K.L.:
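To start, I am sharing the structure in question, which I have written as structure tokens.
On a predicted model such as this, the values are computed, not experimentally measured, just so you know. To find a chain, count down the sequence lines: A is the first, B the second, and so on, and within it residues start at 1.
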Protein chains: 2
Amino acid sequence: MSTIYDVAELAGVSPATVSRVFNGTSVSEEKVAAVRDAAARLNFTPNRTARTLRRQSSEVIALVIPDIENPYFTEMARGVEDVASEAGYSVVLCNSDAQVEKEATYLRIAIAEHMSGIIIATADEHTDLDSVLATGRPVVAVDRGTDYDIDEVVMANRAAGTSATKDLIDAGYRRIAYIGGPEHIDTAAERAAGWRAVLGASRPELDLDELARFATFRVDGGRAAMEELLALPDPPDAVVAGNNLIGVGAIQVLTEHGLTPPQVGVAVIGSLPFTTLSPTAVTVVRLPARHMGVTAARMLLERIGGDAQPARTVVLRNEIQSASVIRG
Amino acid sequence: MSTIYDVAELAGVSPATVSRVFNGTSVSEEKVAAVRDAAARLNFTPNRTARTLRRQSSEVIALVIPDIENPYFTEMARGVEDVASEAGYSVVLCNSDAQVEKEATYLRIAIAEHMSGIIIATADEHTDLDSVLATGRPVVAVDRGTDYDIDEVVMANRAAGTSATKDLIDAGYRRIAYIGGPEHIDTAAERAAGWRAVLGASRPELDLDELARFATFRVDGGRAAMEELLALPDPPDAVVAGNNLIGVGAIQVLTEHGLTPPQVGVAVIGSLPFTTLSPTAVTVVRLPARHMGVTAARMLLERIGGDAQPARTVVLRNEIQSASVIRG
DNA sequence: CTGAAAGCGCTAACAT
DNA sequence: ATGTTAGCGCTTTCAG
């Protein structure tokens, strides 16, 4: 690999001039040409590591997510990436696998690699951001809140739970169960609270605790919980799924039991990007994941640019796509 | 951020000793303790950039994929990540978005950041790897072949096309269409060839060109092609989908037309991780994506370790999960 | 086993 | 506008 010294020598200028050419400061026409020519001839690529070491910052941002296989997060990643690359930043995707230790490792890497900012959907409500924040790096929380006073972009989780449940009630379902993610994750708790409030008011006779299940935010979690609910002495006639993957799991189990929606009502919080269901069979509360990524990236870029206004919380509105079935 | 000099001073040793402690070379018990203690007290994190600059290599590998929203690639990414992190490497995920320019940018970054190796599912058959290879960095191609003599891990694409088609024939379908990815991508071409060979032999009366469609490897591609096929004067009674997303699109359109599988036969090359279909409705040729990632990562790590044997090609066997429907 | 010192490639004062 | 030079933080000879 050639260096700016090689280029400088071939072009007959100083290394500093080469650096200037690659950084857009004022250099005379002719020297620019000479440098570019020499660089091309040597197949020169500036060494980012050296540059980063010198500048103490790099044009890369870390995006830490708990499940890279969840389309919700990859859709968000797309949003982040589009904004970032537009601004000349690359984004490094880190999969914490919902494990605090892995998450901590990636956070450490982000610091050690001088990345200029972090967008994180935390693995745990109490993720420790002390050391990152101590370095002065901006951090934007997405999807889930944190214990810190930082920018965050979240969904209207409670509203999502509310409207999903209401839709099922309007469609005529009565015993509406809920399968959510781990209770200690605030999004999961909020969505459940929405369901609880609506159903408690509308169907006071129901034992809500019997109808609520808290699983992992994954397909197998949804499957297991749905099996449990179906095994109840008095099984539910509808279910609200706390996220996309839980929804998939629940629908799979229902289908296997010959209870294809809308035979049993299903409302899913989150989009089902790869579903092959008829769009009228299941109610979907669309969560604007891409938009979340876009918003978070913009905010982060602002902070990287030096913006020091107080921390903001953006709550993204969701959009319900109701199953058009009216029941009994 | 504190440096080894700070730690050295606090611990009463030289910077070199601090470095040795963090790199596992022989240092006396007591000094190790002193250094660790000082480091902890200063909340010291080694600066990877400096280390990389000095060592001319970093423990990160780049994984370049054409579509981060395709579960096939994220599943593969998981495999790569598991192996890599086991070996102390972190993996940086780069989404080329099937664009050669974006891909080239990420390749450039990989070089400039001194990443120690690259796993790539190319955006284009003729992706230019010259500059990467010129640096001596190992590159492993996954999913798709390249013009270069490098390690590759691919699926048994032709066989996938063959068995998908055979299964549909065995189930009694007659006019079996094919929707594949862009013809210039070798995987797409091979899968199509499998379909063509089987169908040509078994149903010589069919006009294969009429029944073949080449789309993007995405849901909308599958949708558009399926619509076209259904609009044919004599529409097909079955279809082979060239990848998972095309399959999803095709099934969506069929469902919307009231032609839910297995009313029209569907065989998909690639797993459908988030479908809610009954498993007996659609034939799936499972592609071991995770395994592909694991294999590629292992090979890359070997190369990084200095292994210089001739380039290998690993072809991964697939597994068919037949729809258990027998027709006519 | 330990320390001193050079240097990885680049940028940013500081001169000129 | 351009060149000179001093590091950024770390690893790694080379001495001792």
K.L.:
So what does B:T17 touch, heavy atoms closer than 4.0 Å: a base, only the sugar-phosphate, or nothing?
P.N.:
sugar-phosphate
K.L.:
Between C:dG3 atom C1' and B:E9 atom CD, what is the distance in whole Å?
P.N.:
15 Å
K.L.:
Can you tell which of C:dC10, C:dC8, D:dG9 lies closest to the side chain of A:P46?
P.N.:
C:dC10
K.L.:
Taking the side chain of A:S28 as heavy atoms from C-beta outward, which of D:dG3, C:dT11, D:dA1 is closest to it?
P.N.:
D:dA1
K.L.:
Closest-nucleotide mapping onto DNA chain D: is A:G12 or A:A50 further toward the 5' terminus? I mean the 5' end.
P.N.:
A:G12
K.L.:
If every non-hydrogen atom of A:Y148 is compared with every non-hydrogen atom of A:D130, which pair is closest and at what distance?
P.N.:
OH-OD1, 2.9 Å
K.L.:
With a non-hydrogen cut-off below 4.0 angstrom, is B:F44 in contact with a base, only sugar-phosphate, or nothing?
P.N.:
sugar-phosphate
K.L.:
Is atom CD of A:E9 surrounded by more than 12 heavy atoms (other residues, nucleotides or ligands) closer than 6.0 Å?
P.N.:
no
K.L.:
For a quick check of understanding: with a heavy-atom distance under 4.0 Å over all strands, which category does B:V13 fall into, base, sugar-phosphate or nothing?
P.N.:
sugar-phosphate
K.L.:
Mind calculating the distance between CD1 (A:I111) and P (D:dC10) to the nearest angstrom?
P.N.:
13 Å
K.L.:
Taking N and O atoms by type only, does the side chain of A:Y5 place a donor or acceptor under 3.5 Å from a partner on the base of C:dC10?
P.N.:
yes
K.L.:
What is the distance, to the nearest angstrom, from the NE2 atom on B:H114 to the C1' atom on C:dC8?
P.N.:
8 Å
K.L.:
Consider the side chain of A:R51, meaning its heavy atoms from C-beta on, and name the nucleotide among C:dT11, D:dT12, C:dA12 that approaches it most closely.
P.N.:
C:dT11
K.L.:
Using atom CD of B:E113 as one end and atom C1' of C:dG9 as the other, report the distance to the nearest whole Å.
P.N.:
13 Å
K.L.:
Taking CG from A:N47 and P from C:dG7, how many angstroms apart are they, rounded to a whole number?
P.N.:
18 Å
K.L.:
Among C:dA4, C:dT11, D:dT4, which is the nearest nucleotide to the side chain of A:R20?
P.N.:
D:dT4
K.L.:
Between B:S14 and C:dG3, is there a contact of a side-chain N or O with OP1 or OP2 at under 4.0 Å?
P.N.:
yes
K.L.:
Say whether A:N23 and A:R51, considering side chains only, have a donor N or O and an acceptor N or O under 3.5 Å apart.
P.N.:
yes
K.L.:
Which whole-number value in Å describes the distance from B:R54 CZ to D:dC8 C1'?
P.N.:
14 Å
K.L.:
Does either side chain, that of B:N95 or that of B:Y106, offer a donor lying less than 3.5 Å from an acceptor on the other one?
P.N.:
no
K.L.:
Is it the case that the side chain of B:S2 and the backbone of B:L42 share a donor-acceptor pair, with hydrogens and angles ignored and the cut-off at 3.5 Å?
P.N.:
yes
K.L.:
Of the nucleotides C:dG9, D:dC10, C:dG3, which has the atom closest to the B:K31 side chain?
P.N.:
C:dG3
K.L.:
Over how many whole Å does the gap from B:R48 atom CZ to D:dT11 atom C1' extend?
P.N.:
15 Å
K.L.:
Rounded off to whole Å, could you give me the CG-to-C1' distance for the A:L53 and C:dT11 pair?
P.N.:
10 Å
K.L.:
Looking at the side chain of A:V27, which of C:dG9, C:dC8, D:dT2 is the nearest nucleotide?
P.N.:
D:dT2
K.L.:
Which residue in the set B:L10, B:V13, B:V27, B:D6 passes side chain to side chain contact (heavy atoms under 4.5 Å, CB included) when paired with B:V18?
P.N.:
B:V13
K.L.:
For DNA chain C, whose closest nucleotide is more 5', that of B:P15 or that of B:Q56?
P.N.:
B:P15
